[in-house]
Amino acid sequence: MSQYLVHRLLFVVPILLGASLLVFVVGRLAPGDPVHILFGDMADPRAEARARAELGLDRPIWQQYLRYLGRALRGDLGVSYAFRGRPISAMVGDAFPITVQVGLSSIVVAVAAGLPLGVIAAVYRGSAVDRFSRLLALAGMSVPSFVVAIVFILVLAVQLHLLPVGGWGKWQQGVMPVLVLALRPMAYVTRLTRTAMLQVFDEDYIRTARSKGLPERLVVLRHTLRNAAITILTTVGIALSLALTGGVVVESVFGIPGMGRAAVQAVFQRDYPMIQAVVLLYTTIFLGINLVTDLLYAVMNPRIRYH
Amino acid sequence: MCPGWGGGTKDNVGSGAVAKIKMPVTGPVPVRRRTWWRRVRRDRLTLLAGAVLALTVAMAVVVPIASPYPYDFQDLLGVFQMPSRGHPLGTDHYGRDLLTRLAFGGRISLTVGGMAVLVQVIVGLVVGAASGFFGGWVDHALMRVTDVVFAFPTLLFAILVTGILGASLLNIVLALSMAGWPAMARTVRAEILGLKEKEFVEAARGLGATSRRIIVRHLLPNVFYLVAVRASLDIGPIIIAEATLSFLGIGIQPPTPSWGVMIADAFQHIRTFPYLVLVPSAMLSVTILAFSFFGEGLAEALDPRFGRAR
């Protein structure tokens, strides 16, 4: 197991390095001189030169990359162009917890709804519930989340006045974002739970369990669901990734001051260090989610370790 | 053997019938063209999706040509008009003809989707084939690059590229296809890995064929079906990504009408004219649904083991 762990960790490091290099290179391709952007048009050229030396922009590009990397590792992601001199890490510290809160809430909703739905759909294959689950899965994966958000706003806020249109702070303002964000992961969890359950239903030991007269409830819960759980577990990791990416859209639509909206605003404000930071952060998180999922998978299914 | 045994199931056939032993099947079984076409024709849902797509394409091509209005023609005295003879779908908040813009938006979405998938297929084929065929350090190097790009979430990669390099049509296409090719490359590689051990490749090599000839003439035609299926399933998500970028204001820039741009524009008037939001939203959703039904139908027709059955 520990060998597998080391192997997986060693696998992640070069990917992270490559990703940071890619982010760094795209950032350097950005139009405009960062010092010029920071100081504005009226700056003293000597002050600019000093700042350039301080930021290390006069050194060769590979040194700049190492410097960027070293600082990123220590949590220093540079300063914002848009909010003069504000450290990016502070901005991330403000916005990220909100994104995590919305994302995790939607995952709870997605799993709480998707898991039972997937199980029921598999048990009653071909029934109305099954058809509904497949329709939901298809819609959840095919209809863009901002369209879903718009429909929600139109019905729940504009027509029925049940919930506020947007904003952040009161719990009512969180309901629609969490529901909209949950839809895609829920579709995914439902679909994969169903598939995993159906696969296990085909196994010999299920036939044995049934033929020895075990109540169907126990066959489903104890024999099938437990064995399907390994596959279902991996869906939660992917669902979490979906929810975090989806946050970009949902936060922008509902005006939630999280990372997603910060990323979009950074693009409008040409705040390149912020864009880089967001992409780097999300990529790291996604790799982390994948790693944890794979490790859990290996813990639960010993066969995986012997690859 | 007694003929009364009825054709002989596998158990009945003795060890003499070696030729009847089923070969293990790896990868998709290429289905003869006419068979898959017959399957598609039988599948009403796929046909319907295909018809919807054909209609969308026709609209995107014909309407902007036939329309008396350019897509950015403003009629400030005739804003928010209801559908009429002059404006079959009414006008928006600048008095622009909604039908014209909807069709032109279709052009943008379909163009971005089609071009991005094309780039993705080309890069995926080249990388996947080279990686799978040559193996060794070539494989290792290419797959590590693939891993790195694969680690980026599509939407954020697109935000990185269009946000820093600018939101031109070309950048959007490149950003979306760059995020998508690793999956294609992996599929192609896995397929080539299985195929290159087959006898026909050995035979070709025995006859003195060069690596390039083996790849181009023998291997790539065999992955064609798989790539076609993947590509048809990839267009939908790419169109979603483009619409999302445009909706957020960091994709296609106004006044050029992409469906995402139109939805974002109309979103400001959602209380008074929800209709303006719903029309492009419906158009977008229907198109993507049609692509996903069509792709899955095609997948099932080309390779019955894959598809929406389970």
Side-chain angles (χ1 to χ4, degrees), chain A residues 11-12 14-19 21-23 26-31 125 134 138-139 141-148 150-151 153-154 157-159 165 194-195 198-199 241-242 244-246 248-249 252-253 263-264 266-268 270-272 275-276 278-280 282-287 290, chain B residues 144-167 175 178 236-237 239-251 259-260 263-264 266-267 270-272 274 277-278 280-293 296 308 310:
Chain A
F11 188 67
V12 165
I15 294 180
L16 258 182
L17 280 177
L21 183 65
L22 197 59
V23 169
V26 174
R28 291 313 315 237
L29 290 173
R125 191 176 175 190
R134 282 162 75 177
L138 192 76
M141 296 309 277
S142 301
V143 179
S145 55
F146 63 92
V147 171
V148 179
I150 284 169
V151 173
I153 289 176
L154 208 54
V158 176
Q159 295 293 327
V165 173
R194 179 179 178 275
T195 311
L198 285 178
Q199 249 158 29
S241 310
L242 285 176
L244 283 176
T245 327
V248 176
V249 177
S252 298
V253 175
V264 175
V267 173
F268 285 133
R270 308 198 164 280
D271 196 350
Y272 303 135
I275 301 176
Q276 286 174 291
V278 173
V279 175
L280 202 57
Y282 272 67
T283 311
T284 313
I285 292 172
F286 284 16
L287 282 170
N290 285 344
Chain B
R144 291 301 80 77
V145 174
T146 308
D147 287 339
V148 168
V149 182
F150 196 74
F152 284 95
T154 309
L155 190 62
L156 281 148
F157 188 71
I159 287 177
L160 177 75
V161 173
T162 59
I164 290 184
L165 303 181
M178 282 305 113
I239 293 180
I240 294 183
E242 178 272 318
T244 304
L245 284 176
S246 302
F247 174 77
L248 293 173
I250 52 187
W259 289 333
I263 296 169
F267 189 52
I270 191 167
R271 283 174 188 279
T272 35
V277 185
L278 291 178
S281 300
M283 196 70 208
L284 177 64
S285 308
V286 167
T287 305
I288 294 162
L289 274 175
F291 267 117
S292 92
F293 273 123
E296 284 196 28
R308 69 171 86 91
R310 316 192 33 162

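We name chains A, B, ... by the order of the sequence lines, and we start the count at 1 in each one.
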Chain B heavy atoms under 4.5 Å from Leu244(A): which part of the residue, side chain, backbone, both or neither?
neither

Under 4.5 Å heavy-atom distance to chain A, tell me which part of Phe291(B) shows up: side chain, backbone, both or neither.
neither

What are the two closest heavy atoms between Ser292(B) and Leu138(A), and how far apart are they?
OG-CD1, 3.8 Å

Heavy-atom proximity to chain A below 4.5 Å, by part of Phe157(B)
side chain

Taking side chain as C-beta onward, heavy atoms only, is Pro144(A) less than 4.5 Å from Ser285(B)?
yes

Intermediate values then yes/no, side-chain contact (heavy atoms from CB on, under 4.5 Å), Ile159(B) and Val279(A)
CA-CA 8 Å; Ile159(B) 287 177; Val279(A) 175; 5.5 Å; no

Are Val147(A) and Phe247(B) side-chain neighbours, meaning at least one heavy-atom pair lies under 4.5 Å?
no

Compare all side-chain heavy atoms of Ile15(A) with those of Phe150(B) and state whether any distance is below 4.5 angstrom.
no

Derivation of the side-chain contact (heavy atoms from CB on, under 4.5 Å) call for Leu156(B) and Thr283(A):
CA-CA 9 Å; Leu156(B) 281 148; Thr283(A) 311; over 6 Å; no

Side chain from CB out, backbone as N, CA, C, O: work out which of these in Leu245(B) comes under 4.5 Å of a heavy atom of chain A, or both, or neither.
neither

Proximity breakdown for Ile150(A) and chain B, heavy-atom pairs closer than 4.5 Å
both

Contact origin within Leu284(B) toward chain A - heavy atom pairs under 4.5 Å:
side chain

Quick one: are Ile275(A) and Leu160(B) in side-chain contact, heavy atoms under 4.5 Å?
yes

